[in-house]
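I have placed the structure first, in the form of structure tokens, so that the comments after it can refer back to it.
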Amino acid sequence: MRLFFCFCFFFMIIFCATAYDPLDPSGNVTIKWDIMSWTADGYVATVTMNNFQIYRHIQNPGWTLGWTWAKKEVIWSMVGAQTTEQGDCSKFKGNVPHCCKKTPTVVDLLPGVPYNQQFSNCCKGGVIGAWGQDPSAAVSQFQVSVGLAGTTNKTVKLPKNFTLLGPGPGYTCGPAKIVPSTAFLTTDKRRKTQALMTWNVTCTYSQFLARKHPSCCVSFSSFYNDTITPCPSCACGCENKRSCVKADSKILTMKGLNTPRKDNAPLLQCTHHMCPVRVHWHVKTNYKDYWRVKLAITNFNYRMNHTLWTLAVQHPNLNNVTQVFSFDYKSVSPYGSINDTGMFYGTKFYNDLLMEAGPSGNVQSEVLLQKDQKTFTFKQGWAFPRKVYFNGDECMLPPPDSYPFLPNSAHGSFASLSLTLLLLLLLFITIW
């Protein structure tokens, strides 16, 4: 029995460690319901989704929100979003509800819908930007009119069992909690109003729940060593190796090859790592007071482009970034005094779109960093990052003993020592 409890405790530690993001410890998606008015049989609410994650956004095909009604509520109408199914509304005569399902599933509307169907911060196809990249784009809203529900603060029953896909699995939502009513300012900012009732739902992301393999990997190179350290073999799993496509295959000339499938199944270029995305970190130049790094991100998925992509990197010298040449950059300090993490992302209308695999499926930039003479070194892999995240998912790094090393460094000493020991052993055998 003691062994069983120890095993369970060990599993819980591993699970929590995997689900916890040390570079964004307070990141979450908060879903807020504000009841704006009461109706004859229910209420009208504004639902706001705020993405408070620094470098993780919700990309195409967008978010999907679900919940379970506490009673027998129905949705009379929606503005700025829609349910994917209407359900059985056969008992209604005259006005038929928008949705009668006990467990409605809601999606955002696509851009370009008629104005009478739009709501503020809606109609982006479910795409929500990262908070650290652009707070104004990190929000999505819609309005819902609920019937057969409570008509006062005491009779309203909160929905339960919230689910969020963003766009795939990975998010876990807590229960709805009543919070102080949201306050609003009028357009002239001279009068303050407030919601009649407000509740929040908090959803957190776990890469452990999202997928069993990483979705990206990292490779290294440097000016002081001709060796290129590649991504680990099968870093992202090799399940898709049977259906991968070689870079010179004639299949790539077929029309519709880049069209995404409904199940979002990837079509990957055949590589030894089989990752949809590779990040390459190259230590390019060494100056007296500065050093320069080249970053390159390559997409190997022929069916996926990445809008609003982000790259988060942890390295001790990111506390002194002098210039980033063709990416936008923002320092990320999750623990205040420790400034070793930064977020790179594309410049709007220039390289904020990482295209599908192919000649245009890469973006790159260079970073100039000022040295701290007390800590700076090229020894023991210090010049390479500790953690790398692409679009909020941690990438697999090569093993530390494979990093490019300085000539005549410990690797060389170790090789010389090994050779010496081998010669001594041969000499001993010959004499014996």
Side-chain angles (χ1 to χ4, degrees), residues 30-50 61-128 139-165 167 173 175-179 181-184 186-187 193-201 203 262:
T30 299
I31 304 165
K32 182 174 64 173
W33 288 56
D34 290 312
I35 295 181
M36 308 304 294
S37 62
W38 303 111
T39 61
D41 68 339
Y43 56 87
V44 176
T46 296
V47 181
T48 305
M49 299 173 60
N50 284 298
W63 56 263
T64 301
L65 180 64
W67 64 83
T68 301
W69 290 119
K71 298 191 293 185
K72 296 182 179 180
E73 293 91 337
V74 297
I75 298 176
W76 282 114
S77 63
M78 299 188 75
V79 182
Q82 63 182 5
T83 59
T84 57
E85 296 182 45
Q86 184 183 32
D88 183 8
C89 298
S90 58
K91 66 179 181 180
F92 291 90
K93 297 180 180 179
N95 292 333
V96 178
H98 175 81
C99 179
C100 300
K101 287 182 68 69
K102 178 77 172 179
T103 56
T105 300
V106 178
V107 294
D108 194 13
L109 297 181
L110 298 175
V113 297
Y115 287 111
N116 63 346
Q117 298 179 27
Q118 294 185 22
F119 197 71
S120 58
N121 296 307
C122 86
C123 314
K124 297 178 286 187
V127 175
I128 305 180
V139 60
S140 183
Q141 287 182 300
F142 61 88
Q143 187 183 77
V144 57
S145 178
V146 182
L148 303 184
T151 56
T152 67
N153 292 38
K154 295 183 178 181
T155 57
V156 166
K157 297 294 183 181
L158 276 57
K160 54 187 179 180
N161 301 332
F162 278 85
T163 60
L164 175 65
L165 299 178
C173 299
K177 295 182 179 180
I178 297 176
V179 296
S181 297
T182 304
F184 304 95
T186 56
T187 53
T193 60
Q194 69 178 44
L196 303 177
M197 185 179 181
T198 300
W199 61 82
N200 279 355
V201 178
C203 303
K262 288 184 178 180

* Which of parallel (below 30°), tilted (30 to 60°) and perpendicular (above 60°) describes Phe92 and Trp76? ->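 Rings of Phe92 and Trp76: perpendicular, over 60°.
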* Asked: Once the angle between the rings of Trp69 and Trp33 is folded into 0 to 90°, is it parallel (under 30°), tilted (30 to 60°) or perpendicular (over 60°)?
  ->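 Trp69 vs Trp33 ring planes: perpendicular.
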Of all the heavy-atom pairs spanning [X] and [Y], show the shortest one and how long it is.
| X | Y | result |
| --- | --- | --- |
| Ala81 | Val106 | CB-CG1, 3.7 Å |
| Val146 | Thr39 | O-OG1, 4.1 Å |
| Thr198 | Ser181 | OG1-CA, 3.4 Å |
| Gln118 | Val79 | O-CG1, 3.2 Å |
| Cys89 | Val96 | CB-CG1, 3.8 Å |
| Val113 | Leu110 | CG1-O, 3.1 Å |

Atom [atom1] of [X] and atom [atom2] of [Y]: how far apart are they, to the nearest 0.5 Å?
| X | Y | atom1 | atom2 | result |
| --- | --- | --- | --- | --- |
| Ser140 | Ile128 | OG | CD1 | 4.5 Å |
| Leu148 | Asp41 | CG | CG | 5.5 Å |
| Ile178 | Asn153 | CD1 | CG | 8.0 Å |
| Trp67 | Ile31 | CH2 | CD1 | 9.0 Å |
| Met36 | Thr193 | CE | OG1 | 6.0 Å |
| Gln141 | Asn121 | CD | CG | 4.5 Å |

Test item: [X] and [Y] side chains (from C-beta on) under 4.5 Å apart, heavy atoms:
| X | Y | result |
| --- | --- | --- |
| Cys122 | Asp108 | yes |
| Asp34 | Phe184 | yes |
| Lys101 | Thr83 | no |
| Cys100 | Asp88 | no |
| Thr105 | Glu85 | no |
| Val156 | Trp38 | yes |
| Trp199 | Pro159 | yes |
| Gln143 | Val44 | yes |

Look at the side chain of [X] and the backbone N and O of [Y], then say whether any donor-acceptor pair between them is shorter than 3.5 Å.
| X | Y | value |
| --- | --- | --- |
| Thr182 | Ala195 | no |
| Lys124 | Gly62 | no |
| Ser145 | Ser77 | no |

* Asked: Could you walk me through whether Leu109 and Phe119 pass the side chain to side chain contact (heavy atoms under 4.5 Å, CB included) check?
  -> CA-CA 10 Å; Leu109 297 181; Phe119 197 71; over 6 Å; no
* Asked: With a cut-off of 6.0 Å (strictly less than), are more than 12 heavy atoms of other residues, nucleotides or ligands near NZ of Lys102?
  ->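 Result for NZ/Lys102: enclosed.
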* Answer yes or no: are there more than 12 heavy-atom neighbours, outside Lys157 itself, under 6.0 Å from its atom NZ? => no
